[in-house]
Amino acid sequence: MSIVLYNTKTKKKDVFVPLIPGQVSMYVCGVTVYDDCHLGHARSALTFDMIRRYFEFAGYQVKYVRNFTDIDDKILNRAKQEDVPWHDISERYIQNFYRDMGALGITKPTAEPRATEHMQDILNMIEGLEKNGIAYQLEGDVYFSVKKFALYGQLSGKNLEELQAGARVEVDTRKQDPMDFALWKAAKQGEPGWDSPWGKGRPGWHIECSAMSVAELGPTFDIHGGGKDLIFPHHENEIAQSCAYTGKEFARYWVHNGFVTVDKEKMSKSLGNFFTIREILDKSSVSDSEAIIGECLRYYLLSTHYRSDLNFSEQSLPEAKSAMDTIYGLIQRLEEPGVQEQPAGEGDLESILKQFSHKFHESMDDDFNSPKALAVFHQLRGEINKLLVKGVSKETKGKILEIFKKYGEPLGIFQIDLRDWKFGIVPTVKSTIEHTSKVSLTIKLVDPTEEWIEQQIQLRNEARAQKDFSTADTIRKELAEQGIILEDRPDGTTRWKR
RNA sequence: GGCGCCGUACCCAAGUGGUUAAGGGAGCAGUCUGCAAAACUGCGAUUCAGCGGUUCGACCCCGCUCGGCGCCUCCA
């Protein structure tokens, strides 16, 4: 089966045919490291992590490049504010980025170039553009002449006349055309600068991605990704620069993810309606619940198609958690040794698993339809639960368990060891005021030892045996207050979970 | 002003020119249970913002209207 993906360039779903059979080369715009990343950044990283994982699941070898913009006005401003060297800022937020992505189970790309490490590539490209007559110098700055690139506007569906008509930017009158964008910016007093043919300066934002993608993946590569807010002007500019420089096709498939919104509005710094990954994770009172919240966030983000916007609200995480609990509950039952179960319900297993695999691939092959894939998981859950009621052998349970782990892998869910999963916690996020980042996330948790829990259960079951139900109920209630949930089995034994 | 996206049950959310319109959360009822919990079973949109059109047939295609949002400035 072939994978089909929506290509912004052609505005339709295209069958994916890689440049080199069996391999995928992909470049994704990373973050500018001047602050902690929020859910919106996480969504982009997660979308392409899922795409990468699924390609690998489908047998491709993936070259995945995601950059860091580590020199930029925002970084310089922040450094000025804090009165620290600019690279302290970028280094700090690169580390924070890793920490947050780690919690979300986002795997590291195969290469993570930083703009400052590719200064020579950037300079070469600008010089090349200047030689081609498509870039011009202006008092130490270098600009790209948009009019000289005929295909400008093709990706975003904009044309120059309309852009000019609607331009609300204050026009730099020195530029040949208001739409021309900076390739190189001359360093102002006190600002860091790199030597160049035009004097000390630093690269413009757009050229970095062109230079780094071409340096890492060559002039033409398969997929270029990013948030849909980057389509114009960032990706439009990248195409112009790269094609004008190499004379070859740039990215073959353009993939863009939708926004995370709050009250239907795009989550962003300027509106102040953002939730950082850190503030969500930090509220977790028990250290090892971070992975759980991470998976819940992942499940939540994957429960909407990557191209749609999704609205973050107070119920988002609790709903994801409840849905995941049902599957981890099944995993728990599958891991139990079981009581004298005669395998009576295994007859349909083969066809159930075959169906599942087929539907899973069908969903993901169709433009990475993760919400559909999750639905397929829940359908499997129902089928397996029915089988378990009838009785299933230990070997079969193990086999099913492997399926959940294996197919959960491309989505990055159901990967937590059962003993670390906590059924009792409910991550609740409360946004008190509209358009602010006020978050109160409460996770009620305590951590009684397993021995103590087993002991309590034994006491309770002794009471139950003597029909002393009030004592039994008291014990159950006390355990419940500690986040321990009891489930009595038909044979008189008791299962517990946190 | 230009370009574009979205509106599916109480909430979240897939989807197709003819299907029983997935799945999750919440809810209700039943089975099971000492009671619970879990699991299972059943109920829940005769309908896909509204109105027209195309069609043998549209929620899906086209047009308009209403409502929401995005890009055009840094933005994942």
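Chain letters run A, B, ... following the sequence lines, proteins first and then strands; every chain starts at 1.
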Whether the side chain of A:Asp473 and the base of B:G34 hold a donor-acceptor pair under 3.5 Å is what I'd like checked.
yes
Does the ring centre of A:His38 sit less than 6.0 Å away from the ring centre of A:Phe275?
no
Nearest to the side chain of A:Asp229 - B:A76, B:U41, B:G24?
B:A76
Determine, using ring centers only, whether A:Tyr64 and A:Phe55 are less than 6.0 Å apart.
no
If you go through the side-chain atoms of A:Lys158, does one of them form a donor-acceptor pair with the base of B:C71 closer than 3.5 Å?
yes
Nearest-nucleotide 5' precedence on RNA chain B, A:Pro490 against A:Leu374
A:Leu374
Contact class for A:Lys264 vs. all strands (heavy atom < 4.0 Å): base, sugar-phosphate, or nothing?
sugar-phosphate
Looking at B:A76, I'd like to know if its phosphate oxygens (OP1 or OP2) sit under 4.0 Å from a side-chain N or O belonging to A:His41.
yes
Under a plain distance cut-off of 3.5 Å, with no hydrogens placed, do A:Asn461 and A:Thr494 share a side-chain donor-acceptor pair?
yes
Taking only N and O in the side chain of A:Ser308, is any of them less than 4.0 Å away from OP1 or OP2 of B:A14?
yes
Phosphate contact (B:A39 OP1 or OP2) by A:Arg381 side-chain N/O below 4.0 Å:
no
Between C1' of B:C71 and CG of A:Asn237, the distance in whole Å
14 Å
In A:Tyr93, A:Phe97, A:Tyr34, the residue satisfying ring pair (Phe, Tyr, Trp, His ring centres under 6.0 Å) with A:Phe68 is A:Phe97
Any donor-acceptor pair under 3.5 Å joining the side chain of A:Glu319 to the base of B:G24?
yes
